[in-house]
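Accompanying notes for the structure given below.
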Amino acid sequence: MDLGATICTTRNPACAICPLREHCAAARTGDPAAFPVKLEKKAKPHRHATAFWIAHEGDVLLVRRPARGMLGNMRALPTGPWQDDPPGLAGAPIEADWRGAGSVRHIFTHFSLDLRVEAAVVSARPGLNGEWWPIKAIEQAGLPTLFAKAAMLGPAAIEEMVSPT
Ligand code: SF4
């Protein structure tokens with residue numbers, strides 16, 4: 001007999017005809033329908049980070065994330081620390097005239113992240129590790145979803161810098 005399907009159903013347990021009644025702790029409480037107790041889902045921790053969109057002559061600087069850790073070894077925009085509070089420009093790879101380009105929210109399995117994007121146009125390519133990727137072909141860079149979303153904010157921000165209204 002499948003007790004779970006026929007007698008001890010979640011909303012309406014038939015304790016009166018249940019062969020386990022004498023040994024059942026839930027029945028002894030007088031309110032067997034209150035079991036199993038649903039555990040409240042813990043809220044996911046929330047983090048913040050800043051990504052840097054560095055543009056030069058139609059290209060943007062992409063880096064490889066460290067092999068260990070989130071999005072390991074994947075192409076990405078350079079980012080500062082991922083932490084509990086917004087880090088602002090901490091971890092910016094260069095000094096520049098940064099402009100806020102907006103932010104994206106992404107939900108990972110164990111936490112959510114607000115990623116702010118700061119953009120700058122540089123007159124010369126700084127000597128940073130990474131690769132300069134054509135902005136027009138950014139969809140082909142294989143960016144993980146978080147950085148693909150962030151990359152959508154960069155072009156509009158630098159367009160405003162190059163041709164202010
Ligand atoms: S006695 Fe216990 S196991 Fe049986 S139906 Fe009631 S609650 Fe379920």
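Please read these numbers as outputs of a predicted model, since none were measured by experiment. Computed from heavy atoms alone, side chains included, the values below leave out hydrogens, waters and symmetry copies.
- Hydrophobic clustering of Ile, Leu, Val, Met, Phe, Trp and Tyr side chains at less than 4.5 Å, counting indirect connections, keeps I107 apart from L113.
- Pairing each heavy atom of D84 with each of H48, the nearest pair is O-CD2, 3.0 Å.
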Residues L153, V104; criterion side-chain contact (heavy atoms from CB on, under 4.5 Å); working and verdict: CA-CA 9 Å; L153 300 176; V104 295; 3.9 Å; yes
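- P36 approaches T10 most closely through the heavy-atom pair CD-CG2, 4.4 Å.
- In this structure, H110 and P45 have side chains that are not in contact, with every pair of non-hydrogen atoms separated by 4.5 Å or more.
- A 6.0 Å sphere centred on CG of D31 holds more than 12 heavy atoms belonging to other residues, nucleotides or ligands.
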Worked verdict on L77 versus L115 for side-chain contact (heavy atoms from CB on, under 4.5 Å): CA-CA 11 Å; L77 295 171; L115 182 67; 5.9 Å; no
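- R47 CZ to K44 NZ: the interatomic distance, rounded to the nearest 0.5 Å, is 12.0 Å.
- Under the 4.5 Å side-chain heavy-atom criterion for ILVMFWY residues, a single connected hydrophobic cluster contains both L71 and F111.
- The closest side-chain heavy-atom distance from W53 to P78 is not below 4.5 Å.
- K136 places no side-chain N or O within donor-acceptor distance of the main-chain N or O of G58, the cut-off being under 3.5 Å.
- Salt bridge annotation for E57-R125: absent, with no cationic side-chain nitrogen under 4.0 angstrom from a carboxylate oxygen.
- The aromatic rings of W132 and H56 sit perpendicular, their planes meeting at an angle over 60°, well past the 30° parallel limit.
- Classification of R116 and E118 as a salt-bridged pair holds, one side-chain N sitting under 4.0 Å from a carboxylate O.
- Without hydrogens or angle criteria, R64 side chain to N73 main chain gives a donor-acceptor distance under 3.5 Å.
- There is a side-chain donor-acceptor pair under 3.5 Å between D114 and H46.
- Here the shortest heavy-atom pairing between A151 and I138 reads CB-CG1, 4.1 Å.
- A donor and an acceptor atom, one from each side chain of K149 and H106, are located under 3.5 Å apart.
- With hydrophobic clusters built from ILVMFWY side chains whose heavy atoms lie under 4.5 angstrom apart, L146 shares a cluster with M74.
- Annotation: the span from C18 atom SG to H23 atom NE2 amounts to 10.0 Å, rounded to 0.5 Å.
- When atom types are taken as modelled, the side chain of R75 and the backbone of A141 share a donor-acceptor pair closer than 3.5 angstrom.
- P19 is listed as a side-chain neighbour of I7, based on a closest heavy-atom distance under 4.5 Å.
- Looking only at distances, no side-chain donor or acceptor of E131 sits under 3.5 Å from a matching main-chain atom of W133.
- Only one option out of L62, V121, I94 pairs with I54 in a side chain to side chain contact (heavy atoms under 4.5 Å, CB included); it is I94.
- By the 6.0 Å contact criterion, CE on M70 is enclosed, its count of non-hydrogen atoms from other residues, nucleotides or ligands being greater than 12.
- Between V122 and P126, the closest heavy-atom pair is CG2-CD, 4.1 Å.
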Derivation and outcome, side-chain contact (heavy atoms from CB on, under 4.5 Å), residues T79 and F52: CA-CA 6 Å; T79 57; F52 298 95; 5.6 Å; no
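- Note on F147: it clusters hydrophobically with I135, by side-chain heavy-atom contacts below 4.5 Å among ILVMFWY residues.
- By the criterion of side-chain heavy atoms lying less than 4.5 angstrom apart, applied directly or through intervening Ile, Leu, Val, Met, Phe, Trp or Tyr residues, L61 is not grouped with V117; the two fall into different hydrophobic clusters.
- The shortest non-hydrogen separation linking T50 to P87 is OG1-CG, 3.7 Å.
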